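Written out below as structure tokens is the structure these notes cover.
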Amino acid sequence: MAEKVTPRDVDYSRWYTDIVLQGKLADYSPVKGAMVIRPNGYAIWELIQSNLDRLFKETGHVNAYFPLLIPESFMQKEAEHVEGFSPECAVVTVGGGKKLEENLYIRPTSETIIWAMYKKWINSYRDLPLLINQWANVMRWEMRTRLFLRTSEFLWQEGHTAHETYEEAEEETRKILNVYQKFAEEYLAIPVIPGRKSEAEKFAGAKHTYSIEAMMQDMKALQAGTSHNLGQNFAKAFDVQFQDKEGKLQYVWATSWGVSTRLIGALIMAHSDDRGLVLPPKMAQRPIVMVPIWRGEDQKQEVLDYADGVLKELKAKYNVIFDDRDQYKPGYKFSEWELQGIPLRLEIGPKDVAKNALVMVRRDTMEKQFVNRDGILQTVETALDTMQKEMLERARNFQQENTFDVDDYDTFKEIVNGKGGFIRAHWCGNPECETKVKNDTKATIRNIPFDQKKEAGKCLICGGASDGRVIFAKAY
RNA sequence: CGGGGCGUAGCGCAGUCCGGUUAGCGCACCUGCCUUGGGAGCAGGGGGUCGGAGGUUCAAAUCCUCUCGCCCCGACCA
């Protein structure tokens, strides 16, 4: 086999790049830090979009679109927000050949322009809640970029909601995090840990931030989605008030939440192997490839006729690739589709025609089965369902096997600097202890899990009192 | 911005030290034949401002000067 993919244990980061390029998911663009998402990669994004969009609508949200350019003065209205985002913004200073009166920021996120509009739209409690989502591109000037994981421009969805009370905003924030968790697990087959971010790691301008954290195959953590309770920070900055039932003016309570094309990076790093991409069936627009095999013209016709029947049957439910290209041999085709992560391969040759059978190969396990031609649609459906379930289970086991409870700093450092993983350790809540860990080891607090058990303990660093464990890990 | 490296065909490279026919190789691509149960073979073919500018020379991918760009490693981040 010609080596198109660097094995993971040789160089994980080269492996990742090879998967993306060889799987034709994306390519480098002429613009530094930006990438082109190719059809294979965009197909994954479309599935992320369509499924999440449905889940958002089921929870009462609607879509809208706000402009790419944001007046500089808007960006500067919320103090923490300015501080957090200014360094990574691209700014338009010239338009129509003239220097602009006011610079325009390319959105790094849309809170400011959206809240400027919400001021116009919200007057009464009857206007609330306002539950808007947008699918958009954003730009954050990055020094070091990686395909899908960190590019200057990326695609995402950002939800921005407005509520009457803190409690309602809080409920929304948590509700969305649940949606993200459900999507990650049921569709991406990636188990995640939902929890609250520490003060140091929260979104610039939020009261607090929740996240779902996933473990990649190299034991590093990847933040797969965030949901922020913005409190009244933006309402105050943009003076968005509503009249409540008693006729009193109150500032609106806000949330925002998002996931990005980064999820594609997560999908790759959670499941793929040294042969290439591995897609969970629900993330494959084309879940099946059929490869007909023959020897000589007489066999060719016989095989193609037989295959055509199978194809027609499967097409009722699935988007099937029928690879009858004559210039490539089967082995070549097998590798090519494996590289692109097609979940199921069906091989049809003279022997199968004779036996009224087919050969079915699962991409995740590479397990080869001889299956009966009759009932093929059902067989395929079952195989894809099983695959989807088993991929999640496998990832969950992996995550559990690489999560450790640690009570002393030496062991902590040993693990972090060694094979890595999630470390559940006690923390007193002091940001200084958190910073020390980060400076010593580069590991950070990923989040404080919702399912944290009450457990008396001592902070890993200062020995101060702690009543539960938080998740530490090196992160992408 | 600091440290390291690289620009020669779509991709990966050789040639540069020591200047000299028409700039070469592998992969990919095109045509034909032949093949097809794990990345076949043969024959033919297309494709180059040697990153750019200037200079030295009878002669520059090769030597000199300047310049542009990119990649990797460190300080920010979904």
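A, B, ... follow the sequence lines: proteins, then strands. Residue 1 opens every chain. Small disclaimer: the values here were computed from a predicted structure and weren't measured.
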Would you tell me if any nitrogen or oxygen in the side chain of A:Lys329 comes within less than 4.0 Å of OP1 or OP2 on B:G37? yes
Going by number, which of residues 192-212 of chain A have a non-hydrogen atom under 4.0 Å from RNA chain B? none
For A:Glu434, is there an ion pair with A:Lys438 - N to carboxylate O distance below 4.0 angstrom? no
Whole-Å distance, A:Glu297 CD to B:C34 C1', equals 12 Å
Counting only Watson-Crick pairs (N1-N3 plus N6-O4 or O6-N4) and G-U wobbles (N1-O2, O6-N3), all under 3.5 Å, who is the partner of B:C6? B:G69
Any-strand Watson-Crick or G-U partner of B:G24, both distances under 3.5 Å: B:C13
Paired with B:G74: which nucleotide, if any, by Watson-Crick or G-U wobble criteria at under 3.5 Å for both distances? B:C1
Please state the P separation for the pair B:G15 and B:C63 - nearest whole angstrom. 12 Å
RNA chain B contacts among residues 133-142 of chain A, heavy-atom distance under 4.0 Å: A:Arg140, A:Glu142
Side-chain contact test, heavy atoms from C-beta onward, threshold under 4.5 Å: evaluate it for A:Lys300 versus A:Arg295 and give yes or no. no
Any residue of residues 357-370 of chain A with a heavy atom less than 4.0 Å from an atom of RNA chain B: A:Val359, A:Met366
Quick one: label A:Arg345 by what it contacts on the DNA or RNA (base, sugar-phosphate, nothing), any heavy atom closer than 4.0 Å. base
Which part of the nucleic acid, if any, lies within reach of A:Leu222 when heavy atoms closer than 4.0 Å are counted: base, sugar-phosphate only, or nothing? nothing
Could you verify whether a donor N or O on one side chain and an acceptor N or O on the other, from A:Asn229 and A:Arg174, lie under 3.5 Å apart? no
Describe the nucleic acid contact of A:Glu336 in one word from base, sugar-phosphate, nothing, applying a heavy-atom distance below 4.0 Å. base
Rounded to whole Å, please give me the gap between NZ in A:Lys220 and C1' in B:A78. 15 Å
Scan every strand shown for a Watson-Crick or G-U wobble partner of B:A59, both distances under 3.5 Å, and answer none if you come up empty. none
Atom P, compared across B:G74 and B:U56: separation rounded to whole Å: 45 Å
Sequence-distant partners of A:Arg286, side-chain hydrogen bond (donor to acceptor under 3.5 Å, both in side chains), two or more places apart: none
Would the A:Phe238 and A:Tyr118 ring centres measure less than 6.0 Å apart? no
Heavy-atom donor-acceptor pair, A:Arg275 side-chain to B:G39 base, under 3.5 Å: no
Over all strands shown, is A:Phe154 touching base, sugar-phosphate only, or nothing at heavy-atom distances under 4.0 angstrom? base
Just call it for A:Lys351: base, sugar-phosphate, or nothing, with non-hydrogen atoms closer than 4.0 Å on any strand. base
Whole angstrom value for the distance that separates C1' of B:G38 from OH of A:Tyr328: 16 Å
Is the ring pair A:His208/A:Tyr210 parallel, tilted or perpendicular, if the boundaries are 30 and 60 degrees? tilted
Is it true that the side chains of A:Asn133 and A:Glu158 contain a donor and an acceptor less than 3.5 Å apart? no
Just how far, in rounded Å, is P of B:A40 from NZ of A:Lys333? 11 Å
To the nearest 0.5 Å, what is the distance between CD (A:Glu72) and OG1 (A:Thr93)? 10.0 Å
Sugar-phosphate only, base, or nothing, as touched by A:Thr151 at under 4.0 Å among non-hydrogen atoms: base
Quick one: does NZ or CZ of A:Lys77 land under 6.0 Å from the six-membered ring centre of A:Phe74, within 45 degrees of the ring axis? yes
Pairing partner of B:C50, by Watson-Crick or G-U wobble and under 3.5 Å for both distances, is none
Using a cut-off of 4.0 Å on non-hydrogen atoms, how would the nucleic acid contact of A:Glu347 be classed: base, sugar-phosphate, or nothing? base
Apply side-chain contact (heavy atoms from CB on, under 4.5 Å) to A:Lys351 and list each qualifying residue two or more places apart in sequence or on a separate chain. none
Write out all pairs satisfying side chain to side chain donor-acceptor pair (under 3.5 Å) with one or both partners inside residues 352-366 of chain A, taking only residues at least two apart or from two chains. A:Asp273-A:Arg363, A:Asn356-A:Asp374, A:Arg362-A:Asp364, A:Arg362-A:Glu390, A:Asp364-A:Arg394
Got a sec, which residues hit side-chain hydrogen bond (donor to acceptor under 3.5 Å, both in side chains) with A:Lys329, two or more places apart in sequence or on another chain? none
Exercise: do A:Ser50 and A:Glu46 side chains pair donor with acceptor under 3.5 Å: no
Go nucleotide by nucleotide along RNA chain B from the 5' end; which of A:Arg325 and A:Leu149 gets its closest nucleotide reached first? A:Arg325
What is the ring orientation for A:Tyr180 with A:Trp257, classed by angle as parallel under 30°, tilted 30 to 60°, or perpendicular over 60°? perpendicular
Pick the C1' atom in B:C6 and in B:U16, then give their distance to the nearest Å. 14 Å
For the residue pair A:Leu188 and A:Met283, establish whether any side-chain heavy-atom pair is separated by less than 4.5 Å. yes
Across all chains, not counting sequence neighbours, the side-chain hydrogen bond (donor to acceptor under 3.5 Å, both in side chains) partners of A:Glu367 are none
What protein N or O atoms touch nucleotides 7-12 of chain B N or O atoms at under 3.5 angstrom, if any, and at what distances?
none

Distance between P atoms of B:C27 and B:C70 (Å, rounded): 32 Å
When rounded to whole Å, the NZ to C1' distance for the pair A:Lys300 and B:C34 reads 13 Å
Report the base-pairing partner of B:A43 (Watson-Crick or G-U wobble, both distances below 3.5 angstrom), or none. B:U31
Please report, to 0.1 Å, the donor-acceptor pairs under 3.5 Å made by any side chain of residues 80-92 of chain A, with sequence neighbours excluded.
unit_1  : atom_1 : unit_2   : atom_2 : d
A:His81 : ND1    : A:Ala204 : O      : 3.1
A:Ser86 : OG     : A:Val82  : O      : 2.8

Spacing between A:Gln22 atom CD and B:G39 atom P, to the nearest angstrom: 18 Å
N/O donor-acceptor pair, side chain A:Glu338 with base B:G38, under 3.5 angstrom: yes
Scan side-chain atoms only and decide if A:Gln232 and A:Lys207 contain a donor-acceptor pair under the 3.5 Å cut-off. no
Would you tabulate the nitrogen or oxygen pairs shorter than 3.5 Å linking the protein to nucleotides 70-75 of chain B?
unit_1 : atom_1 : unit_2   : atom_2 : d
B:C71  : OP2    : A:Lys32  : NZ     : 3.4
B:C73  : OP1    : A:Arg144 : NH2    : 3.1
B:C73  : OP2    : A:Arg144 : NH1    : 2.7
B:C73  : OP2    : A:Arg144 : NH2    : 2.6

So what's B:G38 paired with, Watson-Crick or G-U wobble, going by both distances under 3.5 Å? none
Pick the P atom in B:A23 and in B:G46, then give their distance to the nearest Å. 14 Å
Atom OH of A:Tyr332 and atom C1' of B:A28 are separated, to the nearest Å, by 9 Å
Integer-rounded Å distance: B:G38 P and A:Leu339 CG: 18 Å
With a non-hydrogen cut-off below 4.0 angstrom, is A:Pro350 in contact with a base, only sugar-phosphate, or nothing? base
Set of residues satisfying side-chain contact (heavy atoms from CB on, under 4.5 Å) with respect to A:Arg325, sequence neighbours excluded: A:Asp323, A:Gln327, A:Tyr328, A:Lys333, A:Glu336, A:Trp337
